[in-house]
Protein chains: 2
Amino acid sequence: MDHRLKQQIDFFLEADRLKKVTRQNYLADGSRKENSAEHSWHLALMCLLFREYAQDRESLDLLRSFKMILIHDLVEIDAGDTYCYDESAATGKEKREQQAADRLFGLLPADQEQEFRALWEEFEEKRTPEALFAAALDRLQPLTLNYITAGKSWQEHAVNLGQVLARNSPIAAGAPALWDFAAVLIEDAVKKGFLKNFGT
Amino acid sequence: MDHRLKQQIDFFLEADRLKKVTRQNYLADGSRKENSAEHSWHLALMCLLFREYAQDRESLDLLRSFKMILIHDLVEIDAGDTYCYDESAATGKEKREQQAADRLFGLLPADQEQEFRALWEEFEEKRTPEALFAAALDRLQPLTLNYITAGKSWQEHAVNLGQVLARNSPIAAGAPALWDFAAVLIEDAVKKGFLKNFGT
């Protein structure tokens, strides 16, 4: 087999392992936790569904948001899913993920290694409109699933309102109208006891 | 909440159920069967990874292939995943899937219902370059996973070479260079006993 194609097939098979990376949030029916491959698909679908709410929707390069979403979690294959409300787990996260990116994207032919790495870094830096929109969806999806499962995952980890507000602020930057929706969910989650109030 | 946004959120939550639709092929490590949401993500990643092999790569609208891939299996939420080598299950499949499309896409605002339905129909008809490329990936992905798991799913269903060749012919139409790769896998699968020879 051609060397270039062999590298691409190896990467494709290695990527399969993202289906075994378990996240902390549950599916909408509460039956089990979600994995990072399913999560990535759900975000990509949201990208199509909610694009009218992107901050820079007129000039948004939707294809680039899609590409970032598809690869944004691949580093978790080596680095694991770091739970966003676990401060101790966050120690060393950046280094772990950089090493994972070196190894995983290093499986690709050089031109694609460069392309995928640049997309991943753009997503991580959250500066371009495409990255900000992708990041907004990456917050809104688990927030909505947490709400719909009566805060199951928040309660397991004793998460409070202050943490959820800080974590979800990128929604306001990338998709302001979706932040209005998110704020209503969060308020209602506190009212219904799905989520603890500030530091209580 | 705004009625349009409510419809979109309802659709987003309904789509979550695709994570619970189980397919017949296994993950690359053979540990469990794949679900249709993971499968859809993996295809979208392949679309990015293998786009140079598309039959009409110069003029291909990659964004449209992405969109088709993201929604191509949503009808399985109601209609289930019909195993491609099960002829009795194929009876009524089209009607089941049309009814599923009516209900699911009918959750969306009218303009998006029309857009999503048209993308799904374009994928099903396999006539445009974008649909042919998406269909090629939709065949190559499980073929490769079946090969890498030593034909586990083929053996469970006593699938033979003739069935696999017929099923995978869209790869040749959508991505000829990937068909060359697929043909080598299939030949080797027979040689290694992962797959039965014609009608044996």
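Letters A, B, ... mirror the listed sequences (proteins, then strands); counts begin at 1.
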Legend entry - Residues B:Glu76 and B:Ser36: side-chain donor-acceptor under 3.5 angstrom: yes
Legend entry - CZ on A:Arg32 to CG on A:Leu27, rounded to 0.5 Å: 4.5 Å
Inset, instruction - Select one option (side chain, backbone, both, neither) describing which atoms of B:Leu48 are under 4.5 Å from chain A's heavy atoms. - result: both
Inset, instruction - Could you check which of A:Phe116, A:Phe50, A:Phe11 has the highest count of heavy-atom pairs closer than 4.5 Å to chain B? - result: A:Phe50
Inset, instruction - Answer yes or no: does atom NZ of A:Lys6 have more than 12 heavy-atom neighbours from other residues, nucleotides or ligands under 6.0 Å? - result: no
Inset, instruction - Mark yes when over 12 heavy atoms from residues, nucleotides or ligands other than A:Gln98 sit less than 6.0 Å from its CD; otherwise mark no. - result: yes
Legend entry - Choice from A:Met1, A:Arg17, A:Lys20 maximising heavy atom contacts with chain B below 4.5 Å: A:Lys20
Legend entry - Best-contacting candidate, A:Asp29, A:Thr144, A:Leu49, A:Leu108, against chain B by heavy atom pairs under 4.5 angstrom: A:Leu49
Legend entry - Interface moiety of B:Ile69 toward chain A, non-hydrogen atoms closer than 4.5 Å: neither
Legend entry - A:Glu34 portion near chain B, given a 4.5 angstrom heavy-atom threshold: side chain
Legend entry - Residue B:Gln141 versus chain A: region with a heavy atom under 4.5 Å: both
Legend entry - Region of B:Phe12 that comes under 4.5 Å of a non-hydrogen atom in chain A: both
Legend entry - Most contacts with chain B, counted as non-hydrogen pairs under 4.5 angstrom, among A:Ile71, A:Asn35, A:Asp2: A:Asn35
Inset, instruction - Could you tell me whether a side-chain N or O of B:Arg117 sits under 3.5 Å from a main-chain N or O of B:Gln114, the two making a donor and an acceptor? - result: no
Legend entry - Crowding at CD, B:Glu94 (>12 non-hydrogen neighbours, <6.0 Å): no
Legend entry - Under 4.5 Å from a heavy atom of chain A, the part of B:Leu43 involved: neither
Inset, instruction - Go through the atoms of B:Gln8 and report whether side chain, backbone, both or neither lie under 4.5 Å from a heavy atom of chain A. - result: both
Legend entry - Under 3.5 Å donor-acceptor, B:Trp41 side chain and A:Leu70 backbone: yes
Inset, instruction - On the 0 to 90° scale, with breaks at 30° and 60°, tag the B:Tyr147-B:Phe194 ring pair as parallel, tilted or perpendicular. - result: perpendicular
Legend entry - A:Arg51, part contacting chain B, at a heavy-atom distance under 4.5 Å: side chain
